[in-house]
Amino acid sequence: MGNVSPSRLIDIVKEHLDLEKRRMTSVRLKELCSRFSDAKAEMSPQYRKQLRSAIELLKPFEDRLVFEITPNDLEPLLAKFPPAARNAHLRVWKAVFNFALKREWCSVSPVMKLDFAEISRTEVKLLSNDEIKRLLKECAAHHRDLLPYHLFGIFAGIRPMELERMRWEQVQLEERHILLPSSVTKTATRRIIEMEKALCVWLRWYRWKQDSFRGPIVKRKNLRTRLRNLRTQAGIERWVQDVMRHTYASNWLANFENLDRLRGNMGHRSDEVFWNHYHRAVLRKEAEAFWSLTPRMTLR
């Protein structure tokens, strides 16, 4: 220490005191994750599932103090994941460490130096009008209990997981809108969807055939198996996640050309996803035919 200048000694002492202060004010990563999870207890089931997956990855460092976690600790945990999954975990981690920053459990977020993966944007897969006809015709003839699930997916753009939680009480047919509460939506935000004429006509036809408009719109028991059987019988070889929602958005935008209304119906805050995926994805003529797919046109 004899060759160390007084100013350097002062810096060393300051660094040591700062380190001790951060150690005293920080918490274990395990406690951070627990506190963050508790704060998000009211979020949607899908978000909480993603949260659990992202936090589970952090278990190797759960006993370490939050301020000690570095980007080099986190990066290897993401190596095995494809771009979309990597980004999903990073978004959760970013929120977790921002939560820690606000409580001064760390001074820098280790996620800030991790890169989100680039995801190539390709055209979305849509159902053709002919596929929709076959699907709805098969539903009406042999799987009527699955008809509402597909009507609300195709003509209102409601997500599959939302359809499973949706109830008839949320459908206001005379007012021509659907009111999805926060307990149903993916984003845990209340959403109102305007119903177009084609959907209203189908629902009146369905109500004429059914005794009750109460309870869940679809029974969840063996739902995946029932859906696969239906689509096989309708001759649909490939079914992509959210294909009904994409079909709705593309045909709606091509026919009605009102981006603000569509964004409200779908519960999106940004225009970017629409311009990336749905703009000009369907010709106007095809969209007009889509919105003409009433029971009379489909079942004859």
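What's counted below: heavy atoms across the whole structure, side chains too, no hydrogens, waters or symmetry copies.
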query = Is there a path of hydrophobic side-chain contacts, each under 4.5 Å between heavy atoms of I, L, V, M, F, W or Y residues, that connects Val171 with Val201?
reply = no
ask   = In this structure, are over 12 heavy atoms from other groups packed under 6.0 Å from Glu175 atom CD?
value = no
query = Pairs in or reaching into residues 284-300: which pass side chain to side chain donor-acceptor pair (under 3.5 Å), with residues at least two apart or in two chains?
reply = none
task = Give the cluster check for Val108 versus Val66: same hydrophobic cluster or not, with ILVMFWY residues linked at side-chain heavy-atom distances below 4.5 Å.
result = no
ask   = Would you find more than 12 non-hydrogen atoms of other residues, nucleotides or ligands less than 6.0 Å from Arg190 atom CZ?
value = no
query = In the single-linkage hydrophobic clustering (I, L, V, M, F, W, Y; side-chain heavy atoms under 4.5 Å), do Met161 and Ile217 co-cluster?
reply = no
request  = Taking the six-membered ring of Phe99 (Phe, Tyr or Trp), confirm whether the NZ or CZ of Arg103 is under 6.0 Å from its centre and within 45° of its axis.
outcome  = yes
ask   = Do Met112 and Trp93 belong to the same hydrophobic cluster, where Ile, Leu, Val, Met, Phe, Trp and Tyr are linked whenever their side-chain heavy atoms lie under 4.5 Å apart, directly or via other members?
value = no
ask   = Would you say the side-chain atoms of Glu196 and Trp252 include a donor-acceptor pair closer than 3.5 Å?
value = yes
key: Inter-residue atom distance Glu42.CD - Ser182.OG, 0.5 Å rounding   = 8.5 Å
key: Trp168/Phe152 aromatic ring centres below 6.0 Å   = yes
ask   = If you group Ile, Leu, Val, Met, Phe, Trp and Tyr by side-chain heavy-atom gaps below 4.5 Å, do Leu299 and Leu135 land in one group?
value = yes
request  = Of all the heavy-atom pairs spanning Thr70 and Pro110, show the shortest one and how long it is.
outcome  = C-CB, 3.8 Å
